[in-house]
Amino acid sequence: MLPMIAGVVIGQPVAGAAASFGALTVGIAIITAGPRVPIGTLIAATIGIGAATFIGSVAGLVPPVHLVLLAACGFLAGLMVAAGRGAAQVGINATVALLIFGRHAAGPELAALHASWVLAGGLAQTVVATVLRSPRPLQAQREALAAGYEALAGTATEPPAHAVAEAALTARDAVSRWKVDDNRPGAESLRGLADQLDRIRQELHALHFERAQLSPDREEYHVIDEALALTGQALADIPPALRRHRAPETIEPTAAKLISLASQLGTLDGQGTPAGPAATFASARIEALAGQLRATGRMAARLAGTRRISLPVAASYTAEAVVVMPGQLSWAARQIRAAMSPSSPAFRHAVRLAVLIPAATELSRLLPWPRAYWLPLTTVIVLKPDFAATARAGTARAIGTAIGIIAPTVIIITWHPRGAVMIALIAAIAWLSYTVFAASYAIYSVFLTALVIFLVDAAEKSTIITVENRVVDTLIGGAIAILAYLVWPTWEAKTLQAATAGRFEAIGRFLRAVLQVYREPEAFDRAALADFAAETRRAQSEVMGSLERARGEPARIRPDIERYSSVLAAARRIVAGTHALASHLADAKAQVTVPRAALIADQLDDAMSELVSSIQAGRPPGELPELRQSQLRLAAESAECLSPEDRRGAILAALLDPLVDSIDTAADLLGNLYHRAA
């Protein structure tokens with residue numbers, strides 16, 4: 001609304017409309033790039049549309065040059081899909097600006113003026129989005145995490161239940177948009193709190209398992225019982241803290257008591273007598289629980305008390321964007337380079353755009369009515385990297401356009417709104433279109449159509465003709481996009497298979513790095529293990545995105561979603577087991593060599609490699625090493641706990657128990673998946 005007001009005040013409604021176009025495109029980036037989109041993305045979107053406006057206006061003087069630039073820009077925009085939703089939106093916005101202003105050809109001076117108007121609108125939207133940043137209660141994410149910790153608190157005194165795994169999965173889904181972008185505010189705390197659900201659950205499971213092996217008259221049994229009760233009380237304090245935006249109050253005192261209990265278990269009689277395997281294992285797990293609780297409390301505290309951002313904080317966000325943007329650009333460049341392969345879905349999408357945009361533009365020039373650029377514009381908007389989004393967007397766009405022309409046409413014919421009335425209409429409809437975007441693309445298209453009609457009428461006073469033509473253009477452009485995808489589709493089966501293999505490869509590298517420390521303590525590197533863990537999270541995001549896209553494909557093409565989901569659930573359990581091993585290393589006061597770990601470490605590496613080969617080849621896994629026998633042998637050989645190596649070996653054997661189960665389960669599920677496919 002602000003650019004339109006400025007345009008009316010200075011007597012330049014066309015300038016106001018152009019600035020509103022800049023604000024509109026940056027606003028769309030805000031709602032499509034995810035919650036709390038980084039300021040750097042908005043700056044990149046603003047610069048992109050400004051540059052494309054100038055280049056498009058000048059290139060429009062020579063249509064063949066304009067077509068070549070459209071092909072190049074479309075190809076780059078397609079590749080930018082590989083760098084995430086924010087980058088994809090930047091590329092599409094720039095392509096749209098290049099396309100539209102190519103139809104308003106001008107010399108360098110006038111083109112620079114057009115670009116300055118668009119830049120002004122985009123920058124105004126960016127500034128407003130920074131200063132009036134929405135509150136950060138993260139209510140849905142907090143509620144999902146709170147529910148997960150409520151379920152987890154209940155398992156502290158009862159054996160771990162399936163409900164905890166479901167609650168943890170729901171929490172991870174709720175914070176998934178933050179898991180893929182470390183630069184978003186709250187990303188680290190949200191991701192960490194979601195990950196801690198599985199880590200604490202693993203520790204509780206280990207303690208329940210150990211307690212079940214003990215007689216109730218043993219001292220260790222009662223100490224473990226007390227530790228579990230204390231943990232349950234501390235976990236119960238986290239949900240209200242998340243919901244009420246406060247720091248948990250009982251975490252630190254509880255952690256101190258757990259450390260005391262762990263020390264109590266360190267000796268059998270308090271006189272320095274070496275502890276047995278049960279006490280040693282329970283002591284390590286209780287101490288690990290104390291560390292996990294402290295970490296959880298710190299992350300919950302960082303999320304506490306967030307409120308609407310004031311101007312000084314907004315300025316700090318802008319300064320942070322200047323520092324962060326080079327890293328974001330470097331990462332995006334690496335993703336784009338990796339997508340430069342004919343087998344990449346992003347590459348195929350880029351080729352489709354590079355061919356269709358200039359072809360649709362040239363077709364629109366042959367049509368006998370003005371402003372036929374709506375045809376290629378619709379092609380750009382409708383065409384997506386996957387079938388489901390393309391079909392859904394095409395249908396929604398066509399229906400939304402057909403409905404969206406009715407009300408604004410009647411209003412313009414009947415009332416002839418101008419000035420303040422027109423600005424109020426534009427503001428209300430813009431608000432409605434942004435508001436319903438996440439709920440329904442079809443309804444969003446209805447309001448967006450009305451918004452564009454009013455903007456065009458404010459600038460050109462020829463809305464009725466424009467509306468009639470735009471309906472035809474939109475239908476043709478949508479049909480071109482859908483037909484082109486069907487002619488050269490990118491079905492998700494191969495991508496899902498490759499992403500699943502990548503997920504298991506990343507887990508295998510993480511597991512190998514963790515087990516290497518048990519063999520060579522000097523290999524312990526906390527930062528390197530964190531990098532491996534981050535790699536597994538990125539692989540998880542990629543494979544879940546592919547799985548979601550596959551759900552929207554036709555049944556005859558769609559891969560076996562349910563079996564893939566089961567395989568990926570097993571992968572999550574392997575990751576949880578690996579995190580438990582890594583947590584034990586991080587909690588240890590000193591790293592100790594476990595010579596007996598070499599055999600099972602090699603076998604686990606071989607097993608993970610076989611699972612990866614199975615997925616890549618689309619065949620059932622071959623025979624895996626005897627992991628269970630090796631795990632039991634390690635437990636038996638370390639049972640005496642006469643040395644630090646034995647005590648570390650006993651703990652390792654206990655931690656490997658659920659991990660071996662998870663790997664065997666993944667092998668069985670892959671066998672079911674690929675036997676059925678065969």
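Nothing here was measured: the structure is a model prediction, and the numbers come from that model.
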Would you give the length of the straight line joining atom [atom1] of [X] to atom [atom2] of [Y], rounded to the nearest 0.5 angstrom?
X	Y	atom1	atom2	result
T500	L568	OG1	CG	5.0 Å
T254	D237	OG1	CG	8.0 Å
K257	T250	NZ	OG1	9.5 Å
L673	E562	CG	CD	11.5 Å
L659	H579	CG	NE2	11.5 Å
R628	L656	CZ	CG	9.0 Å

- [ ] Specify the closest pair of heavy atoms between L193 and A300, including all atoms of both residues, with the distance to one decimal.
- [x]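 Answer, listing the atom of L193 first, then A300: CD2-N, 4.2 Å.
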
Task: Candidate pair T435 and Y444, rule side-chain contact (heavy atoms from CB on, under 4.5 Å), full reasoning - done: CA-CA 8 Å; T435 300; Y444 162 75; over 6 Å; no

Open item on the list: Between E150 and R243, does any NZ, NE, NH1 or NH2 come within less than 4.0 Å of an OD or OE carboxylate oxygen?
Closed with: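 Looking at E150 together with R243, the answer is yes, because their closest N to O distance falls below 4.0 Å.
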
- [ ] Please identify each residue that fulfils side-chain hydrogen bond (donor to acceptor under 3.5 Å, both in side chains) with R633, with sequence neighbours left out.
- [x]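 R633: no side-chain hydrogen bond (donor to acceptor under 3.5 Å, both in side chains) contacts found.
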
- [ ] Side-chain contact test, heavy atoms from C-beta onward, threshold under 4.5 Å: evaluate it for Q631 versus I600 and give yes or no.
- [x]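 A side-chain contact under 4.5 Å exists here.
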
Open item on the list: Going by side chain to side chain donor-acceptor pair (under 3.5 Å), E492 matches just one of R558, R549, R551. Which one?
Closed with: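 Looking at R558, R549, R551, the match for E492 under the side chain to side chain donor-acceptor pair (under 3.5 Å) is R549.
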
Open item on the list: Under 3.5 Å, is there a donor on one side chain and an acceptor on the other for Q196 and Q292?
Closed with: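 Checked: Q196/Q292 side chains pair up, N/O donor to acceptor below 3.5 Å.
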
TODO: Kindly confirm or rule out a cation-pi arrangement of R509 over F532, judged by NZ or CZ under 6.0 Å from the six-membered ring centre and within 45° of its axis?
DONE: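 No, R509 does not sit over the ring of F532.
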
